[in-house]
J.: 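The structure's right below; bear with me while I get my questions together.
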Amino acid sequence: MPLDDIQKHIDRLQQELEDRSLSTTIVESGILTIIMLVTLLGNVLVCRAVYQSPRLRTITNYSVVVLALTDISMAVFVGPFTLSVFILGKKPFSHVLCQFQAYAAIALVYNSIFTVTFMSVNRYLKIVIGDHLYRKVFTHKRTVLMLFAELILGWVIPTFSLLTGREFHYHPGKMVCTMKNDPKRQSVFARSIMHGFIFFLPYCITIFCYCSIYIKVRSHNKRIANAAPSTTNNTTTTTINRKDINITKTLFAIFLVFTFCTMQLGVISYCETHIGEYKLPRQVYVLYTLMCSLASAVNPFIYGLFSPAFRSELKRSLCLTCLTNRGEAGNVIENKS
């Protein structure tokens, strides 16, 4: 696309951002503020629940904590910059902070994708391959090391783009700083290979793992249904399988919701690669930003919905917080009186 056309579409998006009505500004800013607050509160409660409850301190929940910390980081290090643009209608921060926001956002998205894939592989080894190999691979020490390596990989990958001379830029439609598609520095083929490694490969692994788990669970249920009742009641194997299946359902729900909220990353990137950047309507870009933010807020609700252990612990944490606040308020009133 010619540079004049690119600048024309940039100016159009910026003008539409500045010309928003007060009600539109309040609604957009209010939605993003609520999402950020829910992200912080919900994921902090998840981390607190795992820390306080011994029954939640499992190998699988290590990845749950990592995903929660990633979501908290997204709300702390990325969200405030975006919210300032939503409120003010312009980019109020410097070029250096723009580079930081974009780098952090991209790295945290990679971390989320890799962690979701890590969860699926964990469940695959546990249910499909068997407990013997699972216990060998997913020891406490190895799990921590693998999760740490995955986090490092997510933060290292964006540096390759910077080393090629590409910089992050402010996108007035998305209202975030992001990577600019530059055909002179990176061909469409090179971008396709990069996206394939970062997005397509992890998703293929995750889908393969959960499809294999589904086939295994279905055959297990048929075997249990055809077996005599005396051989299936009160057996440790059946109880363990049911617990593992419930955990897998929770993690699979996380994968589905995460995919639903972030699939527009690939769709928008594909559209801009082939029809040109900045050409889409502003409303599409706003939905893009809000849905990406929503992906960090929904996980605590999934834990509470699918996991009884998490649900009871989250309720207990909320009740303790409410009681503590009431107690502090009562002490203040007594001191004043």
Side-chain angles (χ1 to χ4, degrees), residues 42-43 45-47 49-50 52-68 71 112-140 142-144 146-147 150 202-261 295 298-316:
N43 286 288
L45 288 176
V46 168
C47 294
V50 175
Q52 290 187 337
S53 176
R55 63 176 175 165
L56 291 179
R57 294 190 213 124
T58 63
I59 295 293
T60 303
N61 285 343
Y62 286 1
S63 55
V64 170
V65 171
V66 169
L67 189 60
D71 292 337
S112 297
I113 293 172
F114 297 156
T115 303
V116 170
T117 304
F118 180 88
M119 290 175 170
S120 69
V121 174
N122 175 280
R123 293 292 86 200
Y124 174 80
L125 286 181
K126 177 68 174 177
I127 295 178
V128 178
I129 302 301
D131 199 58
H132 179 69
L133 181 60
Y134 174 82
R135 292 182 181 276
K136 283 186 176 181
V137 175
F138 288 99
T139 63
H140 288 275
R142 287 179 179 175
T143 302
V144 171
M146 285 188 287
L147 287 170
E150 166 244 299
Y203 272 85
C204 286
I205 294 173
T206 303
I207 292 171
F208 168 79
C209 289
Y210 282 122
C211 287
S212 301
I213 291 169
Y214 172 76
I215 295 171
K216 181 74 173 181
V217 171
R218 187 176 62 175
S219 64
H220 164 78
N221 290 338
K222 287 182 178 180
R223 188 170 61 253
I224 295 298
N226 294 331
S230 59
T231 61
T232 58
N233 290 336
N234 301 321
T235 59
T236 304
T237 304
T238 303
T239 303
I240 292 175
N241 283 337
R242 286 175 180 172
K243 179 181 177 182
D244 289 334
I245 290 170
N246 288 334
I247 294 172
T248 303
K249 286 180 179 178
T250 303
L251 300 184
F252 181 63
I254 291 173
F255 166 67
L256 287 181
V257 175
F258 179 79
T259 301
F260 174 75
C261 291
V298 295
N299 289 341
F301 295 99
I302 296 175
Y303 302 139
L305 181 63
F306 285 90
S307 173
F310 262 109
R311 182 164 58 247
S312 61
E313 193 61 35
L314 290 174
K315 286 181 179 179
R316 195 171 73 88

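All of these numbers come straight from a predicted model, not from anything done at the bench. For the numbers below, each heavy atom of this structure counts, side chains included, while hydrogens, waters and symmetry mates do not.
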J.: I need the Asn122 CG to Thr117 OG1 distance, nearest 0.5 Å.
T.: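 The CG atom of Asn122 sits 12.5 Å away from the OG1 atom of Thr117.
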J.: What heavy-atom pair brings Val50 and Arg57 nearest, and what distance separates the two atoms?
T.: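 Heavy-atom minimum between the residues: O-CG, 3.0 Å.
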J.: Under the side chain to side chain contact (heavy atoms under 4.5 Å, CB included) test against Asn61, which residue among Val66, Ile247, Leu56 passes?
T.: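 Result: among Val66, Ile247, Leu56, Leu56 is the only option passing the side chain to side chain contact (heavy atoms under 4.5 Å, CB included) with Asn61.
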J.: Enter the distance from Leu251:CG to Arg123:CZ here, rounded to the nearest 0.5 Å.
T.: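 Spacing of CG (Leu251) from CZ (Arg123) equals 6.5 Å.
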J.: If we only count heavy atoms from C-beta on, is the Ile213 to Tyr210 side-chain gap below 4.5 Å?
T.: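 Yes - at least one pair of side-chain heavy atoms lies under 4.5 Å apart.
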J.: How far does CZ of Phe306 sit from CG of Asn246, to the nearest 0.5 angstrom?
T.: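 Here the interatomic distance stands at 10.0 Å.
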J.: Excluding sequence neighbours, so at least two apart, what forms salt bridge (charged side-chain N to carboxylate O under 4.0 Å, His left out) with Arg135?
T.: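 Expected list: Asp131.
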J.: Can you give me the closest heavy-atom contact between Thr143 and Phe118, atom names plus distance?
T.: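 For Thr143 versus Phe118, the nearest heavy atoms are CG2-CZ, 4.0 Å.
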J.: Establish, yes or no, whether a centroid distance under 6.0 Å links the rings of Tyr124 and Phe208.
T.: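 Here the rings of Phe208 and Tyr124 have centres that are less than 6.0 Å from each other.
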J.: Check whether any side-chain heavy atom of Arg55 sits under 4.5 Å from a side-chain heavy atom of Ser312, and report yes or no.
T.: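 Contact flag for Arg55/Ser312 side chains = yes.
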J.: Do the side-chain N and O atoms of Asn299 and Asn43 include a donor-acceptor pair separated by under 3.5 angstrom?
T.: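 No - no donor-acceptor pair under 3.5 Å links their side chains.
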J.: Going by the angle between their ring planes, with limits at 30° and 60°, are Tyr303 and Phe310 parallel, tilted or perpendicular?
T.: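 Because their plane-to-plane angle is under 30°, the rings of Tyr303 and Phe310 count as parallel.
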J.: With rounding to the nearest 0.5 angstrom, report the OG to NZ distance, Ser307 to Lys243.
T.: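 So the gap between those two atoms works out to 9.5 Å.
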J.: Side chains of Ile59 and Tyr62: does their closest heavy-atom pair fall under 4.5 Å?
T.: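 Yes. Closest side-chain heavy atoms under 4.5 Å.
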J.: Atom CZ in Phe255, atom CD1 in Ile113: separation rounded to 0.5 Å?
T.: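 Phe255 CZ to Ile113 CD1: 10.5 Å, rounded to 0.5 Å.
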J.: Decide yes or no for Ile207 and Cys211: does some side-chain heavy atom of the first lie under 4.5 Å from some side-chain heavy atom of the second?
T.: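 Ile207 vs Cys211: side chains touch.
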J.: What is the distance from atom OG of Ser219 to atom CD1 of Ile215, rounded to the nearest 0.5 Å?
T.: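 Here the rounded value is 8.5 Å.
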J.: Parallel, tilted or perpendicular: which one describes the rings of Tyr203 and Phe258, with boundaries at 30° and 60°?
T.: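 Tyr203 and Phe258: parallel rings.
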J.: So, do Thr250 and Val64 sit near enough that their side-chain heavy atoms are less than 4.5 Å apart?
T.: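 The answer is no, as the side chains (C-beta and beyond) never meet within the 4.5 Å cut-off.
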J.: Quick one: closest heavy-atom pair of Cys47 and Ala68, and the distance?
T.: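 So the two residues come closest at SG-CB, 3.8 Å.
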J.: In the structure I gave you, are the side-chain heavy atoms of Val65 and Val46 within less than 4.5 Å of one another anywhere?
T.: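 No, side chains not in contact.
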J.: For a quick test of reading the model, state the closest non-hydrogen atom pair linking Gly304 to Arg311 and the distance between them.
T.: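 Nearest heavy atoms, Gly304 then Arg311: O-NH1, 2.7 Å.
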J.: Does Phe252 reach the side chain of Met119, with side-chain heavy atoms less than 4.5 Å apart?
T.: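 Counting from C-beta outward, Phe252 and Met119 never come under 4.5 Å.
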J.: Run the numbers on Tyr134 and Ile129 for side chain to side chain contact (heavy atoms under 4.5 Å, CB included), then give the verdict.
T.: CA-CA 8 Å; Tyr134 174 82; Ile129 302 301; over 6 Å; no
J.: Can you name the nearest heavy-atom pair linking Leu314 to Pro300, along with the distance?
T.: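 In terms of heavy atoms, the two residues are closest at CD1-O, 4.0 Å.
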J.: Can you name the nearest heavy-atom pair linking Ser63 to Thr60, along with the distance?
T.: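 Between these two residues, the closest heavy atoms are OG-O, 2.6 Å.
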